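Beneath this line is the structure, given in structure tokens, with notes to follow.
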Amino acid sequence: MTMPDTPPLAQQRMAALLDALAPREGYTRSLLDGVRFMRANQPLGRTPVLYEPMIVIVCQGRKRGYLADRVYQYDAQHYLVLSVPLPFSTETEASPEEPLLAVAVRLDMTAIADLVMALDSQALATADAPRGIVSTPLDPTLADVTVRLLQALSSPIDAQILGPGIVRELCYRVLMGAQGGAIRAALASQGQFGRIARALRRIHDDYGQPLDVGTLAREAGLSVPTFHAHFKAVASTSPIQYIKSVRLHQARLLMIRDDLTAAAAGARVGYESASQFNREFKRLFGRSPGEEARAMKWAFSLLPATRIEDIAAAH
């Protein structure tokens, strides 16, 4: 079934609200925990990023996500949903005249689990295959919820009183949307997908500790070959490459946020060899750790320190 396009008026209203809520480039924290605004005034080529489970609704401009051989477009007509944390790369289309404006809503897994169980109790359990990432059309109903969320986040008292309920409604609309079945199946964390999702969370929680595929496979109750195959089906990369990516993103953040040296950051995230850390960092980010840290610090030199972590984690 073809989904109706987002009404132009709703799209214009979302863009106008976000333009006021996100006056500076990068990420801006909203009045509600778990909701952030995104702005880019210039195009940005393919850049490695690490996204946590979230919903990203772009109201103006365009982003493309690249994961293995798949391309995910999210723009004024499509939104992105990640049900598991994933490192991938993104490309941004934006200009000073038409900046990219978006809102990112972090998925609260406790609240999501309640919604999934409520839907299942209404005989809406899904047989769809779970998917860790989807790009799907933004329908008029979800656009209306997004407008109301942005309006609420423009007022401290509205954000406090109305915001949480609107976020819950937004998550509900996503779960009932065109690809809601695949998202619900993923978020239910059942079967093989659920085992891999738990392994991904374990890696994100303990990236600085020794991690090996054999241990992760045993914790998932799978043989190493089966674990490897299911892991790649969910994350589109091998367990070892996923661990490396998470560690390198976290090391990058430590250098920018905490002013650690490359050697100290590498050691903090689990690297025993400084040369290996430097080599793998440059392979992922295209620059040495020192060059990347200097470039990012210069880019953020005019920003308050409290905003650096939000921005660095998303670029």
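Please read all numbers here as calculations on a predicted model, not as lab measurements.
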(message) So that I can tick it off, tell me whether R247 and E280 are bridged by a salt bridge, with the cut-off set at under 4.0 angstrom between side-chain N and carboxylate O.
(response) no
Does the side chain of [X] reach to within under 4.5 Å of the side chain of [Y], using non-hydrogen atoms?
{"X": "S245", "Y": "Y207", "result": "no"}
{"X": "R252", "Y": "F281", "result": "yes"}
{"X": "T226", "Y": "H230", "result": "yes"}

Scan side-chain atoms only and decide if [X] and [Y] contain a donor-acceptor pair under the 3.5 Å cut-off.
{"X": "K282", "Y": "S288", "answer": "no"}
{"X": "R173", "Y": "T141", "answer": "no"}
{"X": "E91", "Y": "Y66", "answer": "yes"}

Has [X] got a side-chain atom pairing as donor or acceptor with [Y]'s backbone, closer than 3.5 angstrom?
{"X": "R39", "Y": "A22", "answer": "yes"}
{"X": "S155", "Y": "Q151", "answer": "no"}
{"X": "D206", "Y": "Q209", "answer": "no"}
{"X": "R36", "Y": "A104", "answer": "no"}
{"X": "D258", "Y": "L260", "answer": "no"}

(request) Quick one: list whatever passes ring-ring contact (aromatic ring centres under 6.0 Å, His included) with Y79, sequence neighbours left out. (result) none
(message) Using ring centroids (six-membered ring only for Trp), state whether Y51 and H249 fall under 6.0 Å.
(response) no
(message) In this structure, would V71 and V49 fall into the same cluster of hydrophobic residues linked by side-chain contacts under 4.5 Å?
(response) no
(message) Tell me whether M176 shares a hydrophobic cluster with I166, the cluster being built from Ile, Leu, Val, Met, Phe, Trp, Tyr side chains joined at under 4.5 Å.
(response) yes
(request) Heavy atoms only: give me the nearest S238-H228 pair and the separation to one decimal. (result) CB-NE2, 3.6 Å
(request) Quick one: pull up CD1 in I57 and OG1 in T146 and give me the separation to the nearest 0.5 Å. (result) 3.5 Å
